[in-house]
Number of protein chains: 4
Amino acid sequence: MSRGNTRQRIQDVALELFAERGYEKTSLREIAEQLGVTKAALYYHFKTKEDLLTSLFEDMVLGPADEVIAWAKAHQPSRLETKLEILSRYSACISNATPLVRFMHENQAALRDLAIGEQMKERMFLLLGLIKDENAALTDQVRCSSALFTMHSSLFTLEGTKADPEEKRKAALEVAQELVTAAHHGSGDTPPGRETGSARHE
Amino acid sequence: MSRGNTRQRIQDVALELFAERGYEKTSLREIAEQLGVTKAALYYHFKTKEDLLTSLFEDMVLGPADEVIAWAKAHQPSRLETKLEILSRYSACISNATPLVRFMHENQAALRDLAIGEQMKERMFLLLGLIKDENAALTDQVRCSSALFTMHSSLFTLEGTKADPEEKRKAALEVAQELVTAAHHGSGDTPPGRETGSARHE
Amino acid sequence: MSRGNTRQRIQDVALELFAERGYEKTSLREIAEQLGVTKAALYYHFKTKEDLLTSLFEDMVLGPADEVIAWAKAHQPSRLETKLEILSRYSACISNATPLVRFMHENQAALRDLAIGEQMKERMFLLLGLIKDENAALTDQVRCSSALFTMHSSLFTLEGTKADPEEKRKAALEVAQELVTAAHHGSGDTPPGRETGSARHE
Amino acid sequence: MSRGNTRQRIQDVALELFAERGYEKTSLREIAEQLGVTKAALYYHFKTKEDLLTSLFEDMVLGPADEVIAWAKAHQPSRLETKLEILSRYSACISNATPLVRFMHENQAALRDLAIGEQMKERMFLLLGLIKDENAALTDQVRCSSALFTMHSSLFTLEGTKADPEEKRKAALEVAQELVTAAHHGSGDTPPGRETGSARHE
DNA sequence: CATGAATGAGGATTCATTCAT
DNA sequence: CATGAATGAATCCTCATTCAT
């Protein structure tokens, strides 16, 4: 039954528990018990608890996010169309890592003194930087920031709503793109004849 | 030596440390040490670590949030103007509790098994329920959800931006109101003169 | 409501809690809370937790037991009739202190390093010494020891039995007297017409 | 260094200390120190302080007592001979667990909220039920109850007496059997040729 | 008479980690 | 590959007690 896949199994269980109970409250003992192995076995595969968490992020979100960023850098990031495509790609990339994105939001306090937390934060800044204009009006900056947040939170919010995850993701992407579009055009002097965020049409 | 203000001082230090380092990683020893008292002194004033946290929330956000909700229930919540006023009032109310709002977002994993966490979650749902229409299109639901998130996150995001907190708050409120306005009109059939992000036709 | 009877009320509550939960597991906080006073108030009336317990024993069993012992010393203790009367008197005296007798048995571990524990133990030895003959056969010594135990334990044993406490006490006294009578006659050579449990040959 | 015997050594030291100082007053630190290991080492072998105690009872008295009960159920418990044999077997079984029996009596307050306490209590009831007749006279019920008590207490009473433990045990067994015999025949009408303490008729 | 505030010592328990085998 | 055994440090919490007011 056990093959070389133990490492993978550890990651699976760890992801599940980390997401469900939080980083600090998930002990290695629990992970080991749920796997039917010893704590020491975990240490054979991962140097450290932090290391275990890190491996999850690297495989599932850090890498993919970097791809999005790399793509963006090669495609005139300042054009609106590029920005929208960035959102689209990023949305797709995180949809495969729902539990980790949720984990990231719910465990920021814990991530603050983990190296991987710093790295993730950096990526978020990079992404945000690609989308928003440093000199834009404050509202527009908020819009861009909110766009990212919206895509993240749609993955684990709206619990009551019966819509399926994929639909929610698309809806969130739509709203995010709307926000970024508004931010891209807008800025500062609220354009005349505009009453909703997206309804600018000059 | 110190007078009746010890309880207050404990709360101050606790708020600071909880916000800075997170709930789980802040030990009562640290709080006590920073205050120059014994751990046991904390227990004289608060039955429990959880109790200490709870007292912070009750005083600073639970109560105020309930006032907003009460006001809303008495003022035709389904009208757009009422909704916008709810946002405005809520924005004002949380601006006095910035560190706690931040704490709430960054420690959701920890809050999950704290009674006060459940209570806060409930309030968020109530607030969201007042603003969004259960039968609206998914995008509109996302918009409303995002509106709330935006006001929260503006309090501790955009670190790079040099704008002062009050301005950020106003900008966030503006964006939030915009989102809710769009959601209010919108719903399924895109209102004339307004395009959703994805419905672009260039 | 509160008069000079506070001391008495403290003793009442303390007796109840000590008996119900044990000495070590009953904290002064609990006693104070149940009384609606502060822990410090207890310290006004009793120097110490141990002191509080001691006061209970002194008033309710130490004194009475000493009276029995004093009476015995003045009445030819070696006569059977005297012995039986000792049992009778002692039985009466402890029946007023049921909870304390129970407490004594159930908290011997705790009493071992309390001064009052030593004192009570001494009284038990004295009493036993009055009843049993140092040079009697071992079985007879056991009988006497058992007699005392029986009177004690009848106060808090036989929970299932529906008999009322007073009846139980009388029954126990009867059995105790029987045991002492046997021990008094007996010693080694089984008295005629009476067989020990194992020497049966029918 | 040490081999697989650590668990055993912990039990030995724990039994010693629990018996000597009581359950509540024996801290795991003391046990660990006396063993020359860390507290955490104890937790490797026993999940809990209570668990450690439980393991002692299970191995040394719960199991053996259950054997006696099982034997009894298979041998017409209502016959006097069977009852006497029960006493005999039970006496033998507890003589190997003297410190624990003593512990049981001296720490009843502590045992009251330990699961193992409940289990032991249940066994005592079963044993008592096998020996005494529910409908017998109260004195006879007391006699049976006393019989059990006598066997227990003989293990740690009569400290002054120089007799060796085994002799004391036998003497106690004899007295216990006598009591049960009396209870078996007796009930209300004192059997001829037998004098009880109360059967005095002068 | 009693309280409010605080202390110091100690309790059980949990955790990430190590290392010889 | 993995385990069994153990550690050291830390955690939350409770308790009896004190003392100025």
Side-chain angles (χ1 to χ4, degrees), chain A residues 2-7 10 23-32 35-52, chain B residues 1-7 10 24-32 35-52, chain C residues 2-7 10 23-32 35-52, chain D residues 1-7 10 24-32 35-52:
Chain A
S2 69
R3 264 247 318 303
N5 62 335
T6 300
R7 191 188 145 96
I10 293 174
Y23 180 71
E24 332 236 22
K25 302 223 320 198
T26 302
S27 73
L28 294 185
R29 175 173 55 73
E30 283 173 303
I31 297 177
L35 273 161
V37 292
T38 331
K39 264 181 296 171
L42 305 186
Y43 279 91
Y44 179 82
H45 294 281
F46 300 94
K47 235 175 41 217
T48 247
K49 186 187 183 186
E50 177 171 355
D51 208 48
L52 173 48
Chain B
M1 187 157 290
S2 60
R3 275 238 322 299
N5 61 330
T6 301
R7 193 189 146 98
I10 294 174
E24 333 234 20
K25 303 226 317 199
T26 302
S27 74
L28 293 187
R29 177 177 53 74
E30 284 172 305
I31 297 178
L35 273 162
V37 291
T38 329
K39 267 179 293 168
L42 305 187
Y43 280 94
Y44 175 76
H45 294 281
F46 299 94
K47 243 179 25 229
T48 253
K49 188 187 182 185
E50 177 172 355
D51 207 50
L52 173 48
Chain C
S2 69
R3 263 250 316 303
N5 62 334
T6 300
R7 193 188 145 97
I10 294 175
Y23 181 71
E24 333 234 21
K25 302 224 318 197
T26 302
S27 72
L28 294 186
R29 174 171 57 70
E30 283 172 303
I31 297 177
L35 272 161
V37 292
T38 331
K39 263 182 295 171
L42 305 186
Y43 279 90
Y44 179 83
H45 294 281
F46 300 94
K47 234 174 44 215
T48 247
K49 187 188 183 186
E50 177 172 355
D51 207 49
L52 173 49
Chain D
M1 186 157 290
S2 61
R3 275 238 320 301
N5 61 332
T6 300
R7 192 189 146 97
I10 293 174
E24 332 234 22
K25 303 225 318 197
T26 302
S27 75
L28 294 186
R29 177 177 53 75
E30 284 172 304
I31 298 178
L35 272 161
V37 293
T38 330
K39 267 179 294 170
L42 305 188
Y43 279 93
Y44 176 76
H45 293 281
F46 300 94
K47 241 180 25 228
T48 253
K49 188 187 182 184
E50 177 171 355
D51 207 50
L52 173 48

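Naming convention: chains lettered A, B, ... in sequence-line order (proteins, then strands); numbering from 1 in each chain. Bear in mind the structure is a predicted one, so any value in this text is a computation, not a measurement.
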Practice item. Give a yes/no answer on whether the side chain of Thr6(D) brings an N or O atom under 4.0 Å of OP1 or OP2 in dA6(F). Key: yes

**Study point:** Distance in Å, Ile31(A) CD1 paired with Leu52(A) CG, rounded so as to fall on 0.5 Å steps
**Key:** 5.5 Å

Point to revise | Interatomic distance, Asp51(C) CG vs dA16(F) P [rounded to whole Å] | key: 14 Å

**Study point:** Rounded distance (Å) that lies between atom P of dG4(E) and atom CG of Leu42(C)
**Key:** 13 Å

Check your understanding: Between dA6(E) atom P and Phe46(B) atom CZ, what is the distance in whole Å?
Key -> 11 Å

Exercise for review: Return the 5'-most residue of the pair Tyr44(D), Tyr44(A) with respect to DNA chain F, ranking by each residue's nearest nucleotide.
Suggested key: Tyr44(A)

Check your understanding: What residues, two or more places apart in sequence or in another chain, satisfy side chain to side chain donor-acceptor pair (under 3.5 Å) together with Lys25(D)?
Key -> Asp113(C)

Practice item. Measure from CZ on Arg7(C) to P on dA2(E) and round the result to the nearest Å. Key: 13 Å

Point to revise | Below 4.0 Å: OP1/OP2 of dG4(F) and any side-chain N or O of His45(D) | key: no

Exercise for review: Go along nucleotides 14-21 of chain E 5' to 3' and tag each nucleotide: B for a protein heavy atom under 4.0 Å from its base, S when only backbone or sugar atoms are that close, - otherwise.
Suggested key: BBBBBB--

Revision key, fill the gap. Lys49(C) and Leu28(C) have their tightest heavy-atom pair at CG-CD2, 3.9 Å

Exercise for review: For DNA chain F, just give me the dot-bracket, please: Watson-Crick or G-U, both distances below 3.5 Å, ( ) intra-strand, [ ] crossing earlier pairs, | paired with another strand, . unpaired.
Suggested key: .||||||||||||||||||||

Point to revise | Partner residues of Glu30(D) under the salt bridge (charged side-chain N to carboxylate O under 4.0 Å, His left out) criterion, sequence neighbours left out | key: Arg21(D)

Quiz: residues 36-47 of chain D side-chain donor-acceptor pairs under 3.5 angstrom, not counting sequence neighbours:
none

Practice item. Can you tell me the distance, in whole Å, between the CD1 atom of Ile31(C) and the C1' atom of dA16(F)? Key: 11 Å

